[in-house]
Amino acid sequence: MPSARASRYSVFAIAREALRQHQGWTRAWTSPEPRDRYKVVIVGAGGHGLATAYYLGKNHGITDVAVIEKGWLGGGNTGRNTTIIRSNYLQDPSAAIYDKALKLYETLSQDLNYNVMFSPRGLIMLAQTEHEVRGYKRTVYANNLQGVSTEWIEPKRLKELVPIINIDGPRYPVLGGLYQARGGTARHDAVAWGYARACSDMGMHIIQNCEVTGIETENGQVRAVSTAKGRIGCDKLALVVAGHSSQLAAMAGFRLPIESVPLQAMVSEPVKPCMDVVVMANTVHGYMSQSDKGEMVIGGGTDSYNAFTQRGSWHHIEETVRALIETFPMISRLKMLRQWGGIVDMTGDRSPILSTTPVGGIFVNCGWGTGGFKAIPGSGWAMADLVAQGRPGPLAAAFGLNRFREGRFIDESVAAGVAH
């Protein structure tokens, strides 16, 4: 049975509810018990899984869908990142899917009738070595050919955009930067909540606290998933679980070329507005932006070991903060407010996997590494095409599993210098 439609959010709805003590609001999404069978089961109620469900309904009319999650909605990497959004990638397939995501982000609040707080404040990737200068200028040329608007800016212009930056760093002076004015941030929780609300409104089931314990196949075709809430049959199964992708693939009897590592981030105590762009410093591997609440949102590199912990190591905190203090001396006096970590799934070429699998009816979306949040709408759009049609559309075609066997790597680790 389809769920009751959610209340439409608007200034008029707020005024109306204010007059009746806010008694008329409906739940943003329902929490039903699972049925025995669905046409499509999506494992993972993070941004990518929910976006896949949403575009299955919106673009393909498939609403007999269950999105199952072992924990709570958006409690994985979607709620554990630094919210950076950009599309200035070098390789053509990467630029295409990330720019699709950015374009969808630009109208996502209107599309979902939910404020995802998208903020196109601009993003700068600092060049602090001559090698980076050459690399980023090359990216500008590639982006122009791809139809992605970016530009190279000199140190003087960069200082105007980021007054708190130290151009003449003690180890790595700032030589310029790759600037994408359309880049920025969004509210990570709101993205997940907005998609969940829209999916529930279409009659899809979002089932939390429903861990997958096994995958049932017959004659090379998926039949069902075993979960903490019982057996759920399905015609198609989409695995969209980031760092736990290898574990679910093993349940289905195949392996994935990914490794899972912790990635951590932190925020400082809030301060008055001092930085209205996102800055990434890849040579020293630190990146920073300021949240709407005034906190400095800080991230760095992945830990050097494989693990499934949602926390990071202390030496990475020290290394990241030390590097950023050289570039932004003013943050040296700030206290850290909180720290968290996520489990990122890394491929050898640091590009994602959107693919069919050796088991019929099972599709996989993983390998986004440290760049998953910015890709959510584009990833969901491409994954929905793949699940609905049984074959990849133009956005997903280059990201199949067969590329590793054929040597067709999409090497963003070398091209972009960093996959964030």
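Note that the numbering runs from 1 along the sequence shown for the chain. What's counted below: heavy atoms across the whole structure, side chains too, no hydrogens, waters or symmetry copies.
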> In this structure, are over 12 heavy atoms from other groups packed under 6.0 Å from Arg391 atom CZ?
Replying inline: no
> Within the side chain of Glu295, is there an N or O that forms a donor-acceptor pair under 3.5 Å with the backbone of Val297?
Replying inline: no
>> Test salt bridge (Lys or Arg N to Asp or Glu O under 4.0 Å) on Arg157 and Glu160; report intermediate values, then the result.
In response: CA-CA 5 Å; Arg157 171 63 175 150; Glu160 293 172 353; 3.7 Å; yes
>> Just to verify, what does Pro377 make a side-chain contact (heavy atoms from CB on, under 4.5 Å) with, not counting sequence neighbours?
In response: Tyr55, Ala101, Leu104, Tyr105, Leu108, Tyr195
>> Tell me whether the count of non-hydrogen atoms from other residues, nucleotides or ligands lying under 6.0 Å of CZ in Phe12 goes above 12.
In response: no
> For the residue pair Met346 and Val261, what are the closest heavy atoms and their distance?
Replying inline: CG-CG2, 3.8 Å
> Is atom CZ of Arg171 surrounded by more than 12 heavy atoms (other residues, nucleotides or ligands) closer than 6.0 Å?
Replying inline: yes
> What's the shortest heavy-atom distance between Pro270 and Lys293, and which atoms?
Replying inline: CB-O, 3.3 Å
>> I'd like to know if the side chain of Ser109 and the backbone of Val116 have a donor-acceptor N/O pair within less than 3.5 Å.
In response: yes
> Taking the side chain as C-beta and beyond, is there a heavy-atom pair between Glu106 and Phe118 under 4.5 Å?
Replying inline: yes
> Is there side-chain contact between Ile42 and Leu56, with at least one heavy-atom pair below 4.5 Å?
Replying inline: yes
>> Looking at Tyr89, is its backbone amide N or carbonyl O close enough to the side chain of Ser94 to form a donor-acceptor pair, meaning the two atoms are under 3.5 Å apart?
In response: no
> How far apart are the closest heavy atoms of Val240 and His48, and which atoms are they?
Replying inline: CG1-CB, 3.4 Å
> Under 3.5 Å, is there a donor-acceptor pair linking the side chains of Asn282 and Tyr136?
Replying inline: yes
> Under 4.0 Å between a Lys/Arg side-chain N and an Asp/Glu carboxylate O for Asp292 and Arg187?
Replying inline: no
> Are the side chain of Thr357 and the backbone N or O of Val359 linked by a donor-acceptor pair below 3.5 Å?
Replying inline: yes
>> I'd like to check the salt bridge (Lys or Arg N to Asp or Glu O under 4.0 Å) partners of Glu269; sequence neighbours left out, ordered by chain and number.
In response: none
>> According to side-chain contact (heavy atoms from CB on, under 4.5 Å), who are the partners of Thr309, at least two apart in sequence or on a separate chain?
In response: Pro262, Ala307, Arg311
> Between CH2 of Trp381 and NZ of Lys103, what distance do you get to the nearest 0.5 Å?
Replying inline: 11.5 Å
>> Please check if the number of heavy atoms outside Lys58 that lie under 6.0 Å from its NZ is greater than 12.
In response: yes
> Do Arg338 and Val267 touch side chain to side chain, with heavy atoms closer than 4.5 Å?
Replying inline: yes
> Is the backbone of Ile165 close enough, under 3.5 Å, to the side chain of Lys159 for a donor and an acceptor to pair up by distance?
Replying inline: yes
> Side chain of Asp349, backbone of Glu412: donor and acceptor closer than 3.5 Å?
Replying inline: no
> Got a sec, which residues hit ring-ring contact (aromatic ring centres under 6.0 Å, His included) with His244, two or more places apart in sequence or on another chain?
Replying inline: Phe308
> For Phe328, what residues pass the ring-ring contact (aromatic ring centres under 6.0 Å, His included) criterion, not counting sequence neighbours?
Replying inline: none
> Can Trp25 and Gln23 be counted as having a side-chain donor-acceptor contact under 3.5 angstrom?
Replying inline: no
> Of the options Met280, Lys137, Met125, Arg138, which is the one that meets Leu178 in a side-chain contact (heavy atoms from CB on, under 4.5 Å)?
Replying inline: Met125
>> More than 12 heavy atoms of other residues, nucleotides or ligands under 6.0 Å from CZ of Arg20: yes or no?
In response: yes
> With distance as the sole test, does Gln208 use its side chain to make a donor-acceptor pair with the main-chain N or O of Leu73 at under 3.5 Å?
Replying inline: yes
>> With a 3.5 Å distance limit and no angle check, can you tell me whether Arg80 reaches the backbone of Gly341 through a side-chain donor-acceptor pair?
In response: yes
>> Can you tell me which residue among Asn144, Asn143, Thr150 is in a side chain to side chain donor-acceptor pair (under 3.5 Å) with Gln146?
In response: Asn143
>> If I take atom CG from residue Asp345 and atom CG from residue Asn77, how far apart are they, to the nearest 0.5 angstrom?
In response: 7.0 Å
> Roughly how far apart are Glu326 CD and Asp168 CG, rounded to 0.5 Å?
Replying inline: 13.0 Å
>> Would the distance check show the side chain of Thr78 and the main-chain N or O of Gly46 forming a donor-acceptor pair, the cut-off being under 3.5 Å?
In response: no
> Judged by atom type as modelled, is there a donor-acceptor pair below 3.5 Å linking the side chain of Gln290 to the main-chain atoms of Val271?
Replying inline: yes
> Can you list the residues that meet the side-chain contact (heavy atoms from CB on, under 4.5 Å) rule with Arg197, with sequence neighbours excluded?
Replying inline: Ala6, Tyr9, Ala28, Asn113, Tyr114
> If every non-hydrogen atom of Asp276 is compared with every non-hydrogen atom of Arg121, which pair is closest and at what distance?
Replying inline: O-CB, 3.1 Å
> Do Arg322 and Glu319 sit within salt-bridge range, that is, some charged N less than 4.0 Å from a carboxylate O?
Replying inline: yes
> CG of Leu263 to CH2 of Trp340: how many Å apart, nearest 0.5 Å?
Replying inline: 10.5 Å
> Are the side chains of Leu256 and Phe404 in touch, meaning some heavy atoms are under 4.5 Å apart?
Replying inline: no
>> Give me the atom names and distance for the closest heavy-atom approach of Ile167 to Leu158.
In response: CD1-CD2, 4.4 Å
>> With heavy-atom distances below 4.5 Å as the criterion, would you say the side chains of Ile215 and Val225 are in contact?
In response: yes
> Any chance CD of Glu318 has more than 12 other-residue heavy atoms, nucleotides or ligands included, within less than 6.0 Å?
Replying inline: no
> How about His131 and Thr129: does a side-chain donor come under 3.5 Å of a side-chain acceptor?
Replying inline: no
>> Within the 4.5 Å heavy-atom criterion, are Gln128 and Thr327 side-chain neighbours or not?
In response: yes
> Counting only heavy atoms not in Trp72, do more than 12 fall under 6.0 Å of its CH2?
Replying inline: no
> If you look at every heavy atom in Gln339 and Ile317, which pair is closest and at what distance?
Replying inline: CG-CD1, 3.9 Å
>> Quick check: do Lys70 and Val43 have side-chain heavy atoms less than 4.5 Å from each other?
In response: no
> So do Val65 and Cys199 actually touch side chain to side chain, heavy atoms under 4.5 Å?
Replying inline: no
